[in-house]
Amino acid sequence: MSTLDPRIDKYIAGSADFAQPILNHLRRLIQVNCPDVKETIKWGFPVFEYSGEIMCNMASFKEHCAFGFWKASLLNNSKGILKASGTSGMGDVGKIKSISDLPDDKVLIDFIKQAMLLNENKIKVSKKPKADSIELEIPDYFIKLLNKNKKAKATFDGFSRSNKNEYLEWILEAKTEITRDKRMATAIEWMAEGKIRNWKYVK
């Protein structure tokens, strides 16, 4: 039986009007086709776990939604529906602005079933080194905080790609919303002072 998380109800309710039907549709597909799914929130986004491992996740931004499978690179994607994404498990089907942007339900269900089998068999994705050439997507909640502090925003806008990614990865890797919020507050404070993420180690 699915383990539902009321925080995801709150997340969806707080998303933009266009995003709510998309997120509800994806959530319902996962629940119906993976009855033992466990819902949670990680990195500030809804995450769906199965057989003790992350299976997939979704997120809403200002103008689009993202949906991805944690082990997307191992799924049978012969029709090229899944695209390479900048962060693990995020945005494998591109920017979703309406339900019509999603692949057919039959296709998504097939990916869900494949992802379930991978988790049941404890098959892992080979880790690859992070590439500085990939820039992470900036969450809407972080953009809002940046816009409230002109000095921090000016510093962030002037950062190189790698300097931006250092802050974004630090924030997105937080395991709880409390930790995420603390890291964002610290990030804003440091950037308002013109500091990079690892300023303490710069001689």
Side-chain angles (χ1 to χ4, degrees), residues 1-15 19-61 64-99 101-128 130 134 136-137 139-141 168-169 171-177 179-180:
M1 184 175 179
S2 301
T3 303
L4 306 183
D5 192 326
R7 292 177 298 172
I8 293 183
D9 294 305
K10 183 178 179 181
Y11 181 93
I12 294 175
S15 298
Q20 293 182 27
I22 297 169
L23 300 177
N24 279 319
H25 183 76
L26 289 169
R27 187 187 193 190
R28 188 160 47 249
L29 272 183
I30 295 164
Q31 290 173 351
V32 169
N33 293 283
C34 185
D36 294 323
V37 71
K38 178 183 177 183
E39 297 183 343
T40 187
I41 293 283
K42 291 188 178 182
W43 310 290
F45 302 116
V47 170
F48 302 89
E49 298 178 342
Y50 174 69
S51 193
E53 298 181 29
I54 296 174
M55 182 174 70
C56 55
N57 63 291
M58 62 185 186
S60 66
F61 299 96
H64 72 279
C65 293
F67 177 65
F69 291 92
W70 204 248
K71 300 176 181 178
S73 62
L74 300 180
L75 300 179
N76 181 352
N77 183 36
S78 59
K79 294 183 179 179
I81 292 171
L82 301 180
K83 311 297 180 183
S85 57
T87 56
S88 182
M90 286 292 294
D92 295 317
V93 294
K95 291 185 176 182
I96 309 162
K97 298 183 178 181
S98 69
I99 289 180
D101 290 333
L102 287 169
D104 290 342
D105 284 357
K106 288 183 179 180
V107 174
L108 288 174
I109 291 169
D110 178 59
F111 286 141
I112 290 169
K113 297 291 186 182
Q114 288 186 56
M116 289 171 65
L117 281 175
L118 290 173
N119 282 14
E120 287 172 3
N121 293 310
K122 305 301 180 185
I123 297 174
K124 306 292 184 182
V125 177
S126 299
K127 291 186 177 180
K128 297 180 180 179
K130 295 178 181 178
I134 297 174
L136 298 179
E137 190 155 21
D140 187 44
Y141 53 76
L168 291 172
E169 286 176 358
I171 291 166
L172 293 173
E173 286 171 358
K175 296 187 181 299
T176 66
E177 290 184 64
T179 301
R180 184 200 70 190

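Panel note: side chain N77, backbone L82; a donor-acceptor pair is recorded below 3.5 Å. In terms of modelled atom types and a separation under 3.5 Å, the side chain of K38 and the main chain of G52 share no donor-acceptor contact. Side-chain atoms of N119 do not come within 3.5 Å of backbone N or O of S51 as any donor-acceptor pair. When atom types are taken as modelled, the side chain of K113 and the backbone of C34 share no donor-acceptor pair closer than 3.5 angstrom. Of the possible polar contacts, none joining the D110 side chain to the K106 backbone as a donor-acceptor pair under 3.5 Å is found. Within the 3.5 Å criterion, the main-chain N or O of N76 finds a donor-acceptor partner in the side chain of Q114.
Two residues are said to be in side-chain contact when any heavy atoms from C-beta on lie closer than 4.5 Å; E49 and V37 fail this criterion. Within the 4.5 Å cutoff, side-chain heavy atoms of M116 are placed close to those of M55.
In summary, the side chains of H64 and E137 do present a donor paired with an acceptor at a separation below 3.5 Å, with no hydrogens or angles considered. Side-chain polar atoms of Q20 and N24 form no donor-acceptor pair below 3.5 angstrom.
A tilted orientation is assigned to the rings of Y141 and F45, their planes being inclined by 30° to 60°.
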(request) Evaluate the criterion side chain to side chain contact (heavy atoms under 4.5 Å, CB included) for residue pair C56 and F111; output intermediate values, then yes/no. (result) CA-CA 10 Å; C56 55; F111 286 141; over 6 Å; no
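Ionic pairing of R7 and E39 is not present here: no N-O contact between side-chain nitrogen and carboxylate oxygen is shorter than 4.0 angstrom.
Under the side chain to side chain donor-acceptor pair (under 3.5 Å) criterion, Y50 pairs with E120, sequence neighbours left out.
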